[in-house]
Structure formats: structure tokens, C-alpha cells
Amino acid sequence: MYIGGKKIDIIIQTEPEQIFHGVHELVRMAFPQFNIKMGGEDAECPNRIFLQGRVEEKALCLYGSIQVDGKRTEDRQNCPLTEETAASGSKRWLARAFAYRLLCRHCGSGLNDYGLLTGVRPVKLVHRMLDRGLGQAQIMRELQQKYLITASRARLLMEVAYNNRSYLEESAAHHLVSIYIGIPLCPSRCFYCSFPGAVLKSYPEQVEPYVRALGQEMDDIGKVLKELGLGVQTIYIGGGTPTVLADKDINTLFELLHEKYISSVTREITLEAGRPDTLSSRRMELFKKVGISRLCINPQTMNDVTLKRIGRQHNSRDVVAAVEWARQAGIDRINMDLIVGLPGEDQEDYNSTIAQALELKPENITLHTLAAKKGSDLARIEGLSWQKDDPIKAGLASMQAKLRDEGYQPYYLYRQKYMRTDAENTGYSLPGCFCRFNIQMIEERQTIIGIGGGAATKLIDSRGKITSLYNPTDSDSYCTAIPALVRRKVDNLRALN
Ligand code: SF4
């Protein structure tokens, strides 16, 4: 809600804080038009939420009141604590469920198809239940009753987990890692993007020192992988837009990959060629020659007016040409990213975009729900915040239905903050064409080593504990930090193996 162009506040107070950890995300969904503040004193602020939880005689006693928009709702609940629910993690879920139901009562409707889940990787929860030996019916029950997820979303999460589980087991059985290589440069800035990479202005000044530093990091990490006997299962070159690299630099990158990373256990090498304006028929032949097996050609939408509006420098005909060149060059796995909810688009656009994408017969289509991410130009537009029952959800559902009709299966799924509705991003694939890297990246059961500017490394130990390390995104900081970045990564890798 805005007064004088400024969002007005809701102040949340919780006692104790730990038990209501993450509750502000639920409040943000209930009141997307407000600015949510945790704690703080502001006697003038008329909008307040108070949540309290105390353990008394083997029960968690919860109290909550919501005073927002001139309306007051309050409730209390005593939850008996069993041996199972007395653990602090379980008490948090009880407290969160209480807060969620109170918010629903105040708003007069459900808040979110994902119920209490506010994290970005909801399928992990299903995998943990499968690890515990739960069957399908028990998992459905727990997702709906404990986490308050709707039946349709619970079914989707289960389907994704069942589709990708064998890929997790396959990786765990061998000494395998995956590699992410980041190229944090783009030809121009897309309207919805919050990635802090740079726009390419001068190749000699921005790219050449970067490629030298990248080569250094690849060389050092490659030696350690060999020494530790780690095989590289998948490689993903992302960004930014890695196809801004000139042919000579693509060749240099792949010489190093073939020398130190690619072996008989390498199953997949993906290149993000997200911007068709960086592609040509000749470049596709180069990509095939160096060994790329999967290419992402990402139109986002096939509506040319929208493409211009969101800052892309290509049109839908360029996308069609890029796919044709890739096929002629012999690249047999193509992914296309599409976004639902771009400003100005409606059901007609969604129908047209999915129909045109399907005509090109890509093996993978990834459906994204637009997120107004902090730092993007899009986030500065008022009224593009989270909305329940937005037409975006209907658009997404119709596109998902068309994909299923054509035989595509959902195989990985994640959520983002600041999505425009309570939906998700889902990778769909023709059977047998799942992208292994995407599965490993989202389910976090395989070590992924990030190399290059903005790349994240996730080291997974034998008990599933994750250690995250991040490279700086800014090229200059990355180039000067190489020795320290490599040392830190190598020390952690050695400790793991
Ligand atoms: S191409 Fe990708 S990384 Fe680059 S600005 Fe657009 S969305 Fe962001």
C-alpha cells in the first residue's frame, strides 16, 4: 500500500524470534502491497503483527494478533508436544502453521499454494521423505497436512522427485562432481534481470583479462580434480551470456576443458546461448566441434513487442533461425527458457509463445514465473509485486498442460523470491533428455564447483552437509582474487575427500 508514493509499513514482533524464523515471508505473501519490518519501535505505525510462543507443561502455547488495514484478528492455540514435535525444528513448523492460519483468517483466503514452504527448493523435502522410506500416500499426506501445500502442488513436487531421483542415486554411487563456469558479461541488460554482471562494451578491456584469469582458475582446479580422482559428470557454461566470447576464447576454454575436465564419465556439456543476437550458423558449427552437447536458446517470449520492451536485442525470427542452425550443426539437445508474466502479456501471448516454441521441438522447455527481483529495472515498477490468483497462474497452467500433451515431463523445479504469483519455475523435458546439471544444482546432492566470476561452489559431504563458496561477480575483483579463491576451494575439496 502506498501513501505519497511510499509503501507503508507493517511491523512484526515475535517472541521468541527463533521459533517464528521466516514468518516475514508469509506476511509478505499476505500483504504484498506493504513494507514488512521485523521488530522496531514506531508508535505511529497502525499496522502490527504480534506472535508469541511459550512451552508450558508439554504444550506449545501460541498467541497471535494481526492489526492491519483497520481490522483486527487474534487467536491462540495450545499444541501438545510429543517426543517427535518437541524438537526445535518441529516447534518452528507448528508456530509457522499457526501464523499461516491466522493470516488466512485475517485475509479471508488461502495465501499460497506452497503453504508454509518459503524456500527455493521444495522438491528436496520430498527427497528427504523418500530417504526416510515414506510411501507416496504418506508423502502426499505430510505435504498437505504438515506443510499446508495444496494437492495440485504436492502432486507436482512428488512427480518431479520421482522423475529425477534415479539421477541423484546414479551420481552418489560414483566419485563424480559437476562444474559450473560463469561468464558474467551480457550484450545488454534485460529489464527483469538482477544479475550484477557487466554489459559488454570493450572486448579487449573487459574480456581478455577475464579469460586469462578464468584459464588460471580452471588450470589450478583441474589439477586438483585429477589428484583427488574426481570425475566430472556434467559441465554447464552459464552467465551472463557466455556466447559473447569470441571464437578464439571459446577454443581456449575448451582446450582446457578437454585437457583437464572432460573424460569418459562426462555425460553432458551445456552452453547457455541465451541471447540469439550472439549466434550464427558458423558459431553453431564451432560449438558442436568443441563438444557442446546441450544448448540453451532462450527466447523468454515469442512476442516481438515484448522482447523489445524487456531490453532484448533479438526478435522471434532470430530464435527460429538459431534453433535451425543448431540442428543443422548436429546439436541434439536444445533448451528454451520461457517466462510467464512479462509486463503487457496475456493468455493470447502465452498460447502463441508455447505453440511457436513447441513447433521447434526442443528437448527441454523451462517455464519461469516472472520474479520482480531486487536490483532489476522491473522491481522498480509499482504494482508488479506478488499477486494471488493472478492471470499468470492460469497462463502457467495452460502452458504446462500443452507441454504434457506433447509428452514433456517435469524433472526439476525451484522457486524464487519476489515471484509475481505463488508458482514456480519448472524444467520440462522429453523422456530421456533430462538435464543432469539442473537436477544436481537444485537437489544439492552432488558437489558443484563454480569457476569464474559470480560462480557459486557447493561442496556436499557424505552426510549431505553443504559448504557454499562464492566467487566475486565483478570481473576486476575476480581477476585479482584468483590465488585466494583457488586456495580456499582446494582446501575445502581436499577436506571433503
Ligand atoms: S541475458 Fe541473462 S544474465 Fe544477461 S541481462 Fe539478460 S537475463 Fe540477465
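Remember, predicted model here, so these are calculated numbers, not experimental data. In listed order, ligands and their atoms are each counted from 1. One-based numbering along the sequence shown.
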Point to revise | More than 12 heavy atoms from other groups under 6.0 Å of NE2 on His21 | key: no

Point to revise | Close side-chain approach of Ile331 and Arg294, heavy atoms under 4.5 Å | key: no

Point to revise | Salt-bridge contact Arg312-Asp277 (side-chain N to carboxylate O under 4.0 Å) | key: no

Check your understanding: Between Glu348 and Ser352, is a side-chain hydrogen bond (donor to acceptor under 3.5 Å, both in side chains) present by the stated rule, with each step listed?
Key -> CA-CA 6 Å; Glu348 212 176 301; Ser352 159; over 6 Å; no

Exercise for review: For Lys124, enumerate each residue passing the salt bridge (charged side-chain N to carboxylate O under 4.0 Å, His left out) test, keeping only those at least two apart in sequence or located in another chain.
Suggested key: Glu444

Review point. Is it true that the NZ or CZ of Arg309 lies under 6.0 Å from the centre of Phe191's six-membered ring and within 45 degrees of the ring axis?
Key: no

Study note, to complete from the structure: Atoms listed for atom 4 (Fe) of ligand 1 (protein only, N, O or S, under 2.8 Å, no waters) are Cys186 SG

Check your understanding: Counting from 1, what ligand 1 atoms have a heavy atom of Tyr192 closer than 4.0 Å?
Key -> 7 (S)

